[in-house]
Amino acid sequence: MGKPTGFLELNRIDNVTVAPLVRSANFKEFHEPLDEKTRRAQASRCMNCGVPMCQSAVRLSGMVTGCPLHNLIPEWNDALYNGQYDMAAWRLLKTSSFPEFTGRVCPALCEKACNLGSPACAGGGKNNAVSIHDNELFIIEKAFETGYMKPRFPKVRSGKKIAVVGSGPAGLAAADLLNRRGHNVTVFEREDRAGGLLMYGIPNMKLDKSIIERRINLMKEEGVEFVFNADVGKDVKAENLLEEYDAVALCCGAKKARPLSAKGADSEGVMFAVDFLKSVTKSLLNSDLKDGAFFDVKGKDVVVVGGGDTGNDCTGTSIRLGAKSVTQLEMMPCPPVERSEKNPWPEWPKVLKTDYGAEESIAHFGHDPRVYETTVKEVHAKDGKVCGITTVQVEFRMIDGKRTLCEREGTEKELPCDLLLIAAGFLGAEDYTAKAFNAELTPRNTVASTGEATPDYASPNGYKTNVDKVFTAGDMHRGQSLVVWAIAEGRECARQIDEYLMGYSYI
């Protein structure tokens with residue numbers, strides 16, 4: 001590296017985070033970048049390891065650790081440190097389709113596998129993982145700022161036509177690579193804007209929607225066609241796409257939400273989290289919330305079922321809308337503060353983290369909103385509208401050799417509730433699109449693939465479905481997952497489509 005002793009001399013410095021009480025007053029992004037000199041110094045902490053676990057995406061103990069995109073992290077960290085911004089962007093974009101997305105919303109699998117964050121390097125406060133996530137974001141934003149990011153057109157068009165169904169990260173990644181290869185790509189999106197859950201599932205304060213629009217506009221300039229309000233399998237017939245296009249990629253996500261089984265769960269005011277978040281973001285974009293086309297929680301008690309990222313987003317969104325209180329229920333026990341012996345580096349650390357929504361709740365209400373080992377037992381309604389819930393503590397026990405969720409007797413508790421948001425995960429794809437193409441589904445309600453073996457850990461059977469010309473990628477293929485995995489799947493799917501059409505691929 002340009003500065004071999006950087007990791008010995010410098011502490012890790014993250015981007016500045018706006019204070020909870022300040023940021024929760026609006027829906028703006030709340031991480032402020034470091035100045036250029038400091039960011040370059042942070043890049044010097046990268047050690048150029050002999051085995052850079054950050055970019056390896058290796059399988060350990062049944063888990064994949066490191067970057068699924070195999071980003072050339074030491075290379076672009078070195079270029080960043082030396083002020084070679086175009087070089088850094090070139091090496092970053094070699095493997096990553098949308099660094100401006102992952103640089104904002106990825107949980108940074110790379111950093112958790114960074115050798116500098118390993119126990120062997122621990123101590124002194126200096127040897128924390130390299131700030132890969134923030135470095136990545138700086139590089140791509142610098143590329144847009146300097147004009148490095150401009151339309152790049154294929155030298156030759158193949159004449160092949162490809163339909164990509166779904167414009168989430170997997171669909172966009174597939175469309176981007178296939179277009180650069182010279183194929184004619186049309187993306188069909190059932191919503192009024194591109195992005196999938198990037199647009200309507202992730203709140204604006206985590207990913208400003210202008211960032212998505214900027215990328216979509218660039219892709220349009222490069223020749224990708226987008227068709228909105230086109231619900232394939234309903235409004236658009238699958239047979240028409242099969243007849244008109246040489247290949248079809250199904251990238252519709254895994255948006256079939258897990259329902260709540262408690263008594264009274266059909267009451268008005270019980271909503272899936274994704275529907276709530278979508279309504280707020282759409283209203284924000286359409287009218288700056290002036291149209292009132294969302295569930296107004298001002299002065300109301302909100303309960304969120306689910307302790308993951310989506311539940312946290314519901315908490316942060318509800319606070320911004322002026323909720324009277326927010327409670328977040330989680331069935332699992334509270335994670336440990338430090339790694340257990342069964343969760344060694346470089347695996348993903350299964351430890352307690354306090355994300356932005358919980359931080360804001362603590363600042364506003366004086367306590368952590370999360371209640372562990374607890375779920376909803378009954379929903380109470382008045383005139384058909386939810387007015388409260390009964391919660392109960394739960395635990396897992398082994399019964400007849402099976403791990404079973406059981407209630408703890410005498411732990412029922414009443415909570416006021418005007419809006420109950422279900423953020424309990426997903427049960428696979430909304431399968432009507434797959435069925436319209438006669439694509440086979442797995443027992444997990446994802447689209448099955450039957451292609452040749454591939455080294456991609458996500459998809460040992462490739463991306464081709466049982467139907468000729470039809471491929472699949474992203475959450476629709478692997479189930480609910482991370483944006484970075486969806487992009488990785490979209491890229492690999494594009495390679496297989498290109499090989500199918502041309503007999504070879506250099507994507």
- Item | Between E499 and S505, a side-chain donor and acceptor under 3.5 Å | no
- Test ring pair (Phe, Tyr, Trp, His ring centres under 6.0 Å) applied to F30 and Y356, step by step: CA-CA 10 Å; F30 53 83; Y356 78 97; 5.4 Å; yes
- Item | Row check, Y506 ring normal vs R181 NZ/CZ: under 6.0 Å, within 45° | yes
- Indicate yes or no: at least one non-hydrogen side-chain atom of F226 is less than 4.5 angstrom from one of L172. yes
- Message: Can a side-chain donor-acceptor contact be found between N179 and R157 if the only test is distance below 3.5 angstrom?
- Response: yes
- Task: Could you go through the side chain to side chain donor-acceptor pair (under 3.5 Å) check for T315 and N312 one step at a time?
- Result: CA-CA 5 Å; T315 296; N312 177 71; 5.6 Å; no
- Query: Of the options T102, L80, I73, N77, which is the one that meets E136 in a side-chain contact (heavy atoms from CB on, under 4.5 Å)?
  - Reply: T102
- Task: Kindly indicate whether a cation-pi arrangement holds for K256 with F426, taking the cut-offs as under 6.0 Å to the six-membered ring centre and within 45° of the axis.
- Result: no
- Is there a donor-acceptor contact under 3.5 Å linking the side chains of R45 and S131? no
- Query: Have H70 and T95 got a donor and an acceptor in their side chains that come within less than 3.5 Å?
  - Reply: no
- Task: Using only heavy-atom distances, determine whether the side chains of Y200 and R193 contain a donor-acceptor pair under 3.5 Å.
- Result: yes
- Query: N343 and S340: side-chain donor and acceptor closer than 3.5 Å?
  - Reply: no
- Query: So, do R23 and K28 sit near enough that their side-chain heavy atoms are less than 4.5 Å apart?
  - Reply: no
- Message: Using side-chain heavy atoms (C-beta onward) and a distance below 4.5 Å, is L482 in contact with C106?
- Response: no
- Message: Under 6.0 Å from the ring centre and within 45 degrees of the ring axis: does the NZ or CZ of R214 meet both conditions for the six-membered ring of F144?
- Response: yes
- Query: E145 and Y85: side-chain donor and acceptor closer than 3.5 Å?
  - Reply: no
- Query: Any donor-acceptor pair under 3.5 Å linking the side chain of R215 with the backbone of I211?
  - Reply: no
- Query: Do N135 and R39 have side-chain atoms, one donor and one acceptor, less than 3.5 Å apart?
  - Reply: yes
- Message: My understanding is that only one of H477, E489, R478 makes a side-chain contact (heavy atoms from CB on, under 4.5 Å) with T472; could you say which?
- Response: H477
